[in-house]
Q: 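Quick one: the structure is below, and I'll ask about it shortly.
Not measured: the values here are computed from a predicted model.
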Amino acid sequence: MAAILALLPVMAMAQDSLIFAPAIPVEKMGEALAMPWAGGLNSPHFSPIDLDGDGLDDLFAMDRVGNMPLFFLNRGIPGQPHYVATRAYDQVYPFPLLHDWALLRDYNCDGKPDIFAYTNAGFAVYRNTSDATGLSFALAYEQVGSNYVPTYSPNLYISNADLPGIADVDGDGDLDILTYSIWGNYLEYHKNLGMELYGNCDSLVYEVRSRCWGDYAESVSGSSITLNVPCNYNVPNPERPGADPGQRAHSGTTTLPLDLNGDGLTDLILSDLDNRHITALTNGGSASHALMTAKDTVFPSYDTSADMAQFLGSFFLDIDGDGKRDLVVAPNSATDAEDLHGTWYYRNTGTDAAPIFQFQQDDLLQKDMLDFGTGARPVLFDHNSDGLMDLVVANELRFDTSGTPRSQLALLKNIGTVTHPAFRLATTDYAQLGGLGLGTGLHPTFADLNGDGKADMVLGDLAGNLHLFLNTSPGPVAQFQAAPVLLQDDQGTVIDVGSNATPQLFDLDGDGLPDLVVGERNGNLNYYRNAGSSTIPAWHLETENLGGVNVNDYWSSTGSSVPFLYRDTVGTIILLAGSQTGGIHRYDSINGNLQGLWNRTDSIWQGLREGGRTAVAMYDFTGSGSPSVIVGNYRGGLSFWATSEQTGEPSAVVEAAPLPFSLYPNPAGASAILHWHGAWLHGLRMDLLDGTGRVVRSSPIQERTAQIDTSNIKPGLYFLRIQGPAARWTTRLMVVH
């Protein structure tokens with residue numbers, strides 16, 4: 001049974017819109033996870049926001065890994081928060097546009113946090129226009145500039161790697177900016193002149209008032225900080241005395257302005273690219289002359305010091321709902337960072353004006369979700385032949401303090417029923433692969449290869465090779481041989497697809513034998529036809545460009561294809577392929593066309609947005625006739641999606657982010673078709689935006705079907721925004737010519 005299911009997935013077409021199904025239960029170490037399908041965290045930037053208007057602060061997290069905005073609703077009560085993941089805000093403008101970093105701050109003093117987001121060596125600002133009808137934002141500043149004295153620049157420079165300090169530094173009521181310049185290792189202070197010019201805080205008008213704010217300097221080659229450094233190259237008439245720093249590049253810093261001791265002056269918490277710790281600088285100057293006079297390089301040295309692999313970000317927000325802002329520290333690097341215990345939470349036991357941070361845990365939110373480190377790729381496998389489909393989850397790697405990360409497989413055992421799935425995390429080292437020295441990037445697939453009725457395992461690796469593990473179990477529970485064999489083709493050559501081999505065993509040609517379809521880093525698919533027998537396979541390379549499949553975006557040579565092939569109930573073969581940038585690509589026209597080009601119908605199938613390095617598995621876990629979909633991503637987590645039928649426990653709460661329209665073809669050539677299939681709304685309008693948020697097409701929607709002309713715009717990724725009388729939706733459109 002297990003081998004057949006793994007080899008020949010047969011299911012309905014899943015044409016209905018998928019909705020997020022967070023209530024499918026998962027047990028870990030005897031306890032139910034609060035939000036197992038939240039999708040993982042690796043490098044989150046945290047900000048508070050009341051998403052649902054219930055008066056409680058929820059959490060927004062922009063994760064650098066895959067540029068993924070994440071949302072966590074506070075379902076607790078004041079003083080007793082309880083967070084759950086939601087996908088209801090995925091399509092709210094401008095969240096699909098955000099990348100690199102995004103922080104929420106209230107710039108216009110209306111009590112609603114606005115979005116400050118990286119764009120092209122600077123930042124844009126989106127005003128929070130939410131009202132009783134729901135969450136919404138409008139572009140307020142496409143790019144914020146500053147007067148650098150004497151030259152005005154259209155962009156106030158902020159690196160995409162840094163996190164700026166956005167706070168009222170001088171206490172006049174509007175938001176100033178602290179950031180490192182493009183050339184130096186000194187902190188720039190950009191004063192907001194909104195109050196001075198207009199008497200209110202509803203403007204962002206910046207002028208650099210100090211190029212060496214705080215009179216300190218960071219080391220060019222390391223993370224050390226020197227206090228009391230003069231600044232002879234400062235701006236004319238600076239708001240502090242004015243050493244030439246030399247035209248040296250700064251390696252990257254995160255900056256959190258806050259008052260650490262209740263004296264009303266802005267202090268700092270910093271971290272650098274090569275630093276495992278965070279540093280606190282105490283401002284001993286005045287409101288008009290910042291002067292850092294003390295430093296704590298392992299902050300908070302009075303408690304448990306933050307200590308992670310590298311380049312940390314710090315965030316000041318109220319986590320426990322007691323009205324006092326706490327401290328959260330997380331990696332700011334998208335690579336080579338702590339990926340399992342990377343959200344350190346310090347509770348504020350002092351006051352909001354003079355905080356005292358007490359360490360609570362190193363896995364805030366992470367402990368409540370399935371998180372396999374870096375990367376998660378779900379694979380279907382009934383490992384104990386009980387008729388309930390289990391999941392084997394491959395990761396790219398798991399951070400290791402030894403400096404040698406390794407890849408392992410995890411087993412999610414289905415302990416539910418045929419109509420109500422429930423999973424238990426049985427092991428994070430399935431088949432004991434962690435000690436075999438196979439490296440990172442492992443990816444399994446299962447089918448009976450020697451005719452004994454038991455599913456064997458083929459395992460891809462980072463180097464592009466495939467390893468065969470025969471199932472030697474005497475019973476129904478799979479057990480794999482300890483010594484794998486490198487898979488060879490029918491010419492005796494070791495199979496090598498280049499890098500990141502992601503195999504699937506699937507009978508592609510319909511002869512009853514499992515063939516090998518292997519994804520790889522370049523984004524294509526390799527096809528090895530099984531030219532052997534049911535007991536002795538022989539792998540014949542038919543093509544390295546199966547179906548002309550390519551999941552790369554136009555600007556990248558890296559695609560990281562992960563195939564999931566299945567047959568629907570009438571025998572039609574469909575391919576769903578995960579990709580480097582996250583879109584799930586759907587292909588049909590496969591039957592009888594193994595030598596030709598397959599038809600790509602979508603590059604963002606079902607509008608699913610999961611971040612980068614996606615992988616998909618689809619199976620009817622509820623016995624309803626409509627398959628559910630599980631998507632993995634590079635943050636190391638999974639999300640569970642289903643159609644509109646009830647899933648999980650009868651009382652399950654299903655949060656949805658449905659789109660009332662479809663967009664095809666996607667990718668588009670000279671044009672795309674918008675079809676509105678939801679309840680008709682008068683006054684609809686569509687805008688097509690490029691990657692910077694600039695509108696390149698705009699028109700009212702007067703009929704259910706409308707054509708979008710893309711013939712004379714540049715190829716690339718665009719965002720289609722639909723504005724209704726009380727709602728707004730956003731989805732992606734890829735244009736190719």
Q: One thing to verify: whether D52 and R75 come together as a salt bridge, which I'm taking to mean a side-chain N less than 4.0 angstrom from a carboxylate O.
A: yes

Q: Measure centre to centre between the rings of H99 and Y118, then say whether the value is under 6.0 Å.
A: yes

Q: Examine R105 relative to F116 and say whether NZ or CZ is less than 6.0 Å from the centre of the six-membered ring and inside a 45° cone about the ring axis.
A: no

Q: I'd like to know if the side chain of N500 and the backbone of S560 have a donor-acceptor N/O pair within less than 3.5 Å.
A: no

Q: Any carboxylate oxygen within less than 4.0 angstrom of a Lys/Arg side-chain nitrogen, looking at K112 and D114?
A: no

Q: State yes or no: are the ring centers of F506 and F564 separated by less than 6.0 Å?
A: no

Q: Has the side chain of D620 got a donor or acceptor atom that lies under 3.5 Å from a matching backbone atom of S624?
A: yes

Q: Decide yes or no on side-chain hydrogen bond (donor to acceptor under 3.5 Å, both in side chains) for S698 and D687, but give the supporting numbers first.
A: CA-CA 4 Å; S698 182; D687 298 310; 2.6 Å; yes

Q: Keeping the roles fixed (side chain from N155, backbone from A121), state whether a donor-acceptor pair exists under 3.5 Å.
A: yes

Q: Using only atom types and a distance under 3.5 Å, with no angle test, would you say the side chain of S47 pairs donor to acceptor with the backbone of L104?
A: yes

Q: Are the aromatic ring centres of F95 and F60 under 6.0 angstrom apart?
A: yes

Q: Under 3.5 Å, is there a donor-acceptor pair between the side chain of N633 and the main chain of G611?
A: no

Q: Check whether E520 reaches the backbone of N526 with its side chain - one donor and one acceptor, N or O, closer than 3.5 Å.
A: no

